[in-house]
Protein chains: 2
Amino acid sequence: MTEVNVRRSAKWELRRQAIIDTSAHVFAQRGFHGTSTAELCEANQVGKGALYYYIGSKEQLLVAIHDRVMDEVMVGADRVANSEGTPPEQLAQLGTELLDVIHRYPDHVWVFLHEFPALTGENAETFRRRRRDYEIRVEDIFEAGQRSGDFRDIDPPMAAKAWLGMHNYTYLWLRPGGRVGVPDLAAQYADIFVRGISAAPSTGAVAMPSPGTASAPPVPPARTGAKKRRQGAA
Amino acid sequence: MTEVNVRRSAKWELRRQAIIDTSAHVFAQRGFHGTSTAELCEANQVGKGALYYYIGSKEQLLVAIHDRVMDEVMVGADRVANSEGTPPEQLAQLGTELLDVIHRYPDHVWVFLHEFPALTGENAETFRRRRRDYEIRVEDIFEAGQRSGDFRDIDPPMAAKAWLGMHNYTYLWLRPGGRVGVPDLAAQYADIFVRGISAAPSTGAVAMPSPGTASAPPVPPARTGAKKRRQGAA
DNA sequence: TCAGCCTTGTACCGATCGGTCAACAATTGA
DNA sequence: TCAATTGTTGACCGATCGGTACAAGGCTGA
């Protein structure tokens with residue numbers, strides 16, 4: 001939190017970025033709290049002094065990784081928002097952009113999706129807001145699609161969460177050099193989702209069964225004597 | 001790892017389960033590595049002696065939380081597999097079962113989806129396998145749907161991952177007492193997905209654009225001097 | 001009543017945590 | 001060439017980590 005505005009040389013920025021990227025890999029493997037600063041030193045081949053000279057603190061390092069992901073993702077969203085496509089086209093395009101980031105920065109995205117609760121105070125709030133901003137971009141497309149008549153009457157927030165889950169989940173398995181490529185995968189996902197919410201008539205709808213315990217009232221697991229304690233999580 | 005087979009009283013088992021549930025809540029808030037045994041003691045209102053008397057070790061506690069989730073989820077999958085429904089019906093039913101578990105055990109599921117890399121050795125392997133077993137159940141339904149002619153020619157592993165992502169992602173926001181209920185949500189998700197992969201003709205397909213940097217070759221972030229180091233992660 | 005087991009709190013262990021610091025090496029610019 | 005700046009090391013800090021040892025309290029059946 002100290003000395004935020006000191007300007008550094010381009011060389012310093014470059015070295016810092018390299019350390020951030022290497023550290024993202026370590027965090028992705030071992031978790032944020034599960035990684036010690038000593039391990040970061042070893043991975044980056046530097047002493048503690050040099051490490052802290054570049055990162056400031058462990059949490060600022062985590063923030064930098066989050067920034068990398070969120071910046072890239074938001075640039076893609078802007079590109080889509082400024083495009084001329086129809087809502088179905090924009091949705092497909094946004095999917096490609098998102099999967100592309102996940103594909104190019106698998107470690108950063110892993111950390112982004114797993115360790116955001118480790119952010120504290122203002123940092124937690126900042127990224128909670130930026131995540132929400134992105135979610136709104138997705139919702140906007142669904143709303144536009146309903147106005148244009150392309151999409152049927154689904155609930156945009158619900159559809160946005162479904163869409164996000166489908167795409168974000170690829171962070172678990174989508175890797176450079178893997179079996180499937182981004183353009184192909186994005187096309188298939190878009191195909192499924194756009195058909196799924198298309199206003200065009202389809203015979204695909206299914207009557208819902210009422211399986212198992214599914215409609216039983218939720219039974220929150222018993223807690224003995226819990227006290228309140230907060231992190232940054234939502 | 002010591003003394004796995006000692007049999008304890010029913011009272012002991014009950015108390016143990018209560019501690020597991022309370023601890024799941026703490027882990028969900030603060031993360032596995034981010035939670036100290038002292039915090040677990042405070043949350044459970046016990047001393048360290050009593051805590052370790054019931055849990056054995058911090059990792060065994062994590063295993064117990066994983067077991068709770070995986071057991072419940074697999075019971076649901078069995079119920080669906082033994083049902084008489086068509087593939088589209090089975091897919092909808094499986095979704096309801098899965099969302100139901102997420103809804104009833106939000107803390108456990110959060111831990112399950114976030115902290116599995118903290119498992120080590122044999123424990124990591126066990127749950128890697130159990131996760132894969134579940135994934136196969138999903139793939140089986142897609143394959144059955146293609147044989148029956150209900151589903152079009154999608155790639156079952158790809159579809160399974162898309163379906164899992166869409167449903168699992170609800171762990172971030174689906175809560176008891178929330179705005180949407182499980183049966184309703186599951187119905188909407190099933191509606192989207194089944195339409196999306198239905199063999200029934202639809203005009204919903206979209207020509208894919210080639211947006212932004214999307215087809216640029218992946219640029220793995222530069223690493224300086226990284227050494228190998230393993231956790232349990234996939 | 002009391003032996004014996006179940007359950008518990010607490011002092012304590014060595015190891016490791018994130019982070020600081022003074023000293024020094026390397027580089028830079030004039 | 002040399003002072004100033006930039007970059008780096010590794011010892012060191014108090015705090016805290018997961019886990020253990022052990023004595024003592026509580027409960028149970030005879």
Side-chain angles (χ1 to χ4, degrees), chain A residues 1-4 6-20 22-23 26-27 30-65 115 118-121 123 224-225 229 231-232, chain B residues 1-4 6-20 22-23 26-27 30-65 115 118-121 123 224-225 229 231-232:
Chain A
M1 280 304 166
T2 56
E3 306 284 356
V4 179
V6 278
R7 198 157 284 288
R8 314 312 260 272
S9 70
K11 195 190 295 183
W12 184 90
E13 295 286 356
L14 220 62
R15 184 106 173 81
R16 174 181 150 88
Q17 202 51 249
I19 288 177
I20 289 167
T22 299
S23 303
V26 183
F27 282 158
R30 326 214 349 109
F32 177 74
H33 289 301
T35 304
S36 68
T37 53
E39 286 172 311
L40 294 177
C41 288
E42 195 205 333
N44 286 289
Q45 298 283 44
V46 292
K48 280 206 170 187
L51 182 73
Y52 274 82
Y53 176 64
Y54 289 105
I55 70 168
S57 75
K58 211 182 162 192
E59 177 158 352
Q60 283 177 49
L61 178 54
L62 184 59
V63 167
I65 294 169
E115 310 292 357
L119 294 171
T120 64
N123 291 329
T224 49
R229 190 73 70 95
Q231 200 181 8
Chain B
M1 280 306 166
T2 56
E3 306 283 358
V4 178
V6 279
R7 199 158 283 289
R8 315 310 263 269
S9 70
K11 195 190 295 185
W12 183 91
E13 295 285 357
L14 220 62
R15 184 105 174 82
R16 173 179 152 89
Q17 202 51 248
I19 287 177
I20 290 167
T22 299
S23 302
V26 183
F27 283 159
R30 326 218 343 113
F32 177 73
H33 288 301
T35 305
S36 68
T37 53
E39 286 171 311
L40 294 177
C41 288
E42 195 205 332
N44 286 289
Q45 298 283 44
V46 292
K48 280 203 168 186
L51 182 73
Y52 273 83
Y53 177 63
Y54 289 106
I55 70 168
S57 75
K58 211 182 162 192
E59 177 157 353
Q60 282 178 50
L61 177 54
L62 185 58
V63 167
I65 295 169
E115 309 292 357
L119 294 170
T120 64
N123 291 329
T224 49
R229 190 73 70 95
Q231 200 182 12

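A note on names: the letters A, B, ... follow the listed sequences, proteins ahead of strands, and every chain is numbered from 1.
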Kindly point out which of dG9(C), dT8(D), dT9(D) is positioned nearest to the side chain of Val46(B)?
dG9(C)
For the atom pair OH (Tyr54(A)) and CZ (Arg8(A)), what is the distance rounded to the nearest 0.5 Å?
9.0 Å
Arg16(A) CZ to dG7(D) P, straight-line distance once rounded to whole Å
13 Å
Would you please confirm or rule out a distance under 4.0 Å between OP1 or OP2 of dT7(C) and any side-chain N or O of Tyr53(B)?
yes
Length of the CG-P vector between Leu61(B) and dG18(D), whole Å
11 Å
Between the protein and nucleotides 23-30 of chain C, are there any N/O to N/O pairs under 3.5 Å, and if so, what are the atom names and distances?
from, atom 1, to, atom 2, distance (Å)
dT28(C), OP1, Lys11(A), NZ, 3.3

Whole angstrom is fine here: how far is it from CZ in Arg8(B) over to C1' in dT8(C)?
14 Å
Quick one: CD1 on Ile65(A) to CD on Gln60(A), what's the gap to the nearest 0.5 Å?
12.5 Å
At under 4.0 Å between heavy atoms, how does the protein contact nucleotides 10-19 of chain C? Give one character per nucleotide, 5' to 3', with B, S or -.
B------SBB
Can you confirm whether Arg15(B) sits close enough to Asn44(B) that some side-chain heavy atom of one is under 4.5 Å from a side-chain heavy atom of the other?
no
Round to the nearest Å and state the distance from Asn44(A) atom CG to dG7(D) atom P.
16 Å
Got a sec, which residues hit side chain to side chain contact (heavy atoms under 4.5 Å, CB included) with Tyr52(B), two or more places apart in sequence or on another chain?
Thr37(B)
Taking only residues two or more places apart in sequence, or in another chain, which ones meet Thr35(A) in a side-chain hydrogen bond (donor to acceptor under 3.5 Å, both in side chains)?
none
How about Leu61(A) and Phe27(A): do any of their side-chain heavy atoms sit closer than 4.5 Å?
yes
Using every non-hydrogen atom in the two residues, find where Cys41(B) and Leu51(B) come nearest and quote the distance to one decimal.
SG-CD2, 3.8 Å
By side-chain hydrogen bond (donor to acceptor under 3.5 Å, both in side chains), Lys58(A) pairs with (sequence neighbours left out) none
Starting at atom CD of Glu42(A), determine the distance to atom C1' of dG10(D), rounded to an integer number of angstrom.
16 Å
List the residues meeting side chain to side chain contact (heavy atoms under 4.5 Å, CB included) with Ala64(A), not counting sequence neighbours, and say none if there are none.
Arg16(A), Ile20(A)
Would you kindly give the OH-to-C1' distance between Tyr54(A) and dT8(D), to the nearest whole Å?
8 Å
